[in-house]
Participant: 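Following this message is one structure expressed as structure tokens.
Note that the numbering runs from 1 along the sequence shown for the chain. What you see is a predicted model, and the numbers here were worked out from it, not measured in a lab. In each ligand, atom 1 is the first atom listed, and ligand 1 is the first ligand listed.
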Amino acid sequence: MQVVEKFVSINGEGRRCGQLATFIRFAGCNLNCGYCDTAWANDRKVAFDPMTPEEVYAYIKDTQVTNVTLTGGEPLLQQDIGELLELLSQDPQLYVEIETNGSVLLSRFSDLENPPSFTMDYKLPYSGMERMMALDNFEQLTAKDTVKFVSGSLADLEKAKEMIDRYKLTEKTAVFISPIFGEIELETIVDFMKDNQLNGVNMQVQLHKVIWDPNERGV
Ligand SMILES: C[S@@+](CC[C@H](N)C(=O)[O-])C[C@H]1O[C@@H](n2cnc3c(N)ncnc32)[C@H](O)[C@@H]1O
Ligand SMILES: Nc1nc2[nH]cc(C(=O)O)c2c(=O)[nH]1
Ligand code: SF4
Ligand SMILES: [Mg+2]
């Protein structure tokens, strides 16, 4: 597996935001979101540490931190990701989240005994990657998962609402709206949620970008 960074930090996003987590960031992505804050990991020439799934698991256990976030780049494109998920799913002490970009079919992982929590982005218009979304994924998501709408404009928010309504997302999974950092006034999101009575939707701000420099790596 192509690991570009591994570290322990405070999870800055999602269901366990504010809790310690061990991060494994993999190299490479099939998308090219205009706002990507980790584009460096997707450079074809990026340096990485070749690790086996067993070595990744050993590192995770060594940290003694029970939350794990697999991310990237696009983690589900790693050749041995299935093997790693099998390994992690057998450890009852671990809570595993995967940050995935919405273009990889989640049905590929539906036969896992104890599946991870998928945090699936739906790429909105601002990303330039909306056409790559695998809409079937909305049928795969369950109450343990999350859909994340990373939003940079009112048009993005309108589209997010459209998808939330069309797929009744708040009835089946956790729904998060996250600002493209520095691109949209936070109040714009709050006002949109109030004006549209977006009940059951969580607004988040990437906590790690409040604690550290937004471009800092390894946090
Ligand atoms: C770097 S991506 C890696 C995982 C996967 N490729 C994906 O896009 O979900 C991790 C998360 O950071 C979000 N993200 C990337 N750049 C961002 C930015 N500039 N502002 C806010 N969130 C951002 C992504 O949308 C995704 O939810
Ligand atoms: N602290 C911290 N929390 C995170 N949660 C999800 C992240 C990601 O890049 O997927 C991330 C990240 O990059 N840093
Ligand atoms: S899918 Fe994720 S890693 Fe890939 S470009 Fe978009 S935000 Fe970056
Ligand atoms: Mg990040």
Participant: Return the residue, atom name and 0.1 Å-rounded distance of the protein heavy atom closest to atom 4 (C) of ligand 2.
Facilitator: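 The closest heavy atom on the protein side is Phe23 CE2, 3.3 Å.
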Participant: Backbone or side chain, does any N or O of Gly12 fall under 3.5 Å from an N or O of ligand 2?
Facilitator: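 Min N/O separation from ligand 2 is below 3.5 Å for Gly12.
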Participant: How many angstroms lie between atom CG of Asp80 and atom CE of Met51, to the nearest 0.5 angstrom?
Facilitator: 12.0 Å
Participant: Taking only non-hydrogen atoms of Gln206, do any sit less than 4.0 angstrom from ligand 2?
Facilitator: no
Participant: Any idea which protein heavy atom is nearest atom 14 (N) of ligand 2, and the distance to it?
Facilitator: Val219 O, 3.2 Å
Participant: Heavy atoms, side chains only, cut-off 4.5 Å: are Ile180 and Ser151 in contact?
Facilitator: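 They are not in side-chain contact.
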Participant: Give a yes/no verdict on whether any heavy atom in Lys123 is under 4.0 Å from an atom of ligand 3.
Facilitator: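 A heavy atom of Lys123 does come that close to ligand 3.
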Participant: Quick one: look up the protein heavy atom nearest atom 8 (C) of ligand 2 and list residue, atom name and how far away it is.
Facilitator: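 Heavy-atom neighbour on the protein nearest atom 8 (C) of ligand 2: Thr71 OG1, 3.5 Å.
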Participant: Check the surroundings of atom CD in Gln64: do more than 12 heavy atoms from other residues, nucleotides or ligands lie under 6.0 Å from it?
Facilitator: no
Participant: Got the closest protein heavy atom to atom 13 (O) of ligand 2, with its distance?
Facilitator: Arg25 NH2, 2.8 Å
Participant: Applying side chain to side chain contact (heavy atoms under 4.5 Å, CB included), run through Thr146 and Phe118 and close with a yes or a no.
Facilitator: CA-CA 6 Å; Thr146 300; Phe118 289 100; over 6 Å; no
Participant: Per the salt bridge (charged side-chain N to carboxylate O under 4.0 Å, His left out) rule, which among Arg25, Lys148, Arg15 passes with Glu99?
Facilitator: Lys148
Participant: Checking contacts here: is it the side chain or the backbone of Asn42 that comes within 4.0 Å of ligand 3, counting heavy atoms only? Could be both or neither.
Facilitator: side chain
Participant: For atom 4 (Fe) of ligand 3, what's the nearest protein heavy-atom neighbour? Residue, atom name and distance, please.
Facilitator: Cys29 SG, 2.3 Å
Participant: N/O to N/O below 3.5 Å, does that happen between Asn11 and ligand 2?
Facilitator: yes
Participant: How far is atom 6 (Fe) of ligand 3 from its nearest protein heavy atom, and which residue and atom name does that atom have?
Facilitator: Cys33 SG, 2.3 Å
Participant: Can you tell me the protein heavy atom closest to atom 6 (C) of ligand 2 and the distance?
Facilitator: Glu99 OE2, 3.5 Å
Participant: Please state whether Ile10 comes within less than 4.0 angstrom of ligand 2, counting heavy atoms only.
Facilitator: yes
Participant: Run the salt-bridge test on Glu216 and Lys209 with the 4.0 Å N-O cut-off and return the result as yes or no.
Facilitator: no
Participant: Using the rule that two of Ile, Leu, Val, Met, Phe, Trp, Tyr join whenever any of their side-chain heavy atoms come within less than 4.5 Å, decide whether Met193 and Phe176 are in one cluster.
Facilitator: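 No.
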Participant: Would Phe109 and Ile98 satisfy side chain to side chain contact (heavy atoms under 4.5 Å, CB included), going step by step from the backbone distance to the final call?
Facilitator: CA-CA 12 Å; Phe109 305 95; Ile98 295 195; over 6 Å; no
Participant: Any side-chain donor-acceptor pair under 3.5 Å between Tyr35 and Lys123?
Facilitator: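 Yes - a donor-acceptor pair under 3.5 Å links their side chains.
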Participant: Considering Thr38, Leu77, Asn101, which one's heavy-atom position lies nearest to atom 1 (S) of ligand 3?
Facilitator: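 Nearest heavy atom to atom 1 (S) of ligand 3 lies in Asn101.
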Participant: Go through the steps for Asn11 and Thr69 under the test side chain to side chain contact (heavy atoms under 4.5 Å, CB included), then give the verdict.
Facilitator: CA-CA 8 Å; Asn11 197 338; Thr69 295; 3.5 Å; yes
Participant: Which bit of Leu207 is near ligand 2, meaning a heavy atom under 4.0 Å away: side chain, backbone, both or neither?
Facilitator: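 No part of Leu207 is near ligand 2 at this cut-off.
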Participant: Name the one of Thr170, Asn202, Leu198 that satisfies side chain to side chain contact (heavy atoms under 4.5 Å, CB included) with Val175?
Facilitator: Thr170
Participant: So which bit of Glu74 gets within less than 4.0 Å of ligand 3, heavy atoms only: side chain, backbone, both or neither?
Facilitator: neither
Participant: Looking at non-hydrogen atoms alone, which of Ala39, Gly128, Cys36 comes nearest to atom 8 (Fe) of ligand 3?
Facilitator: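 Selected option, by shortest heavy-atom distance: Cys36.
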Participant: At less than 4.0 angstrom from any non-hydrogen atom of Gly73, what atoms of ligand 3 do you find?
Facilitator: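 Selected atoms, number and element: 3 (S).
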Participant: Any nitrogen or oxygen of Phe7, main chain or side chain, under 3.5 Å from a nitrogen or oxygen of ligand 2?
Facilitator: no
Participant: How far is atom 12 (C) of ligand 2 from its nearest protein heavy atom, and which residue and atom name does that atom have?
Facilitator: His208 NE2, 3.5 Å
Participant: Set out, in order, the CA-CA distance, both residues' side-chain angles and the distance that settles side-chain hydrogen bond (donor to acceptor under 3.5 Å, both in side chains) for Ser103 and Asn30, then state yes or no.
Facilitator: CA-CA 8 Å; Ser103 77; Asn30 59 325; 2.8 Å; yes
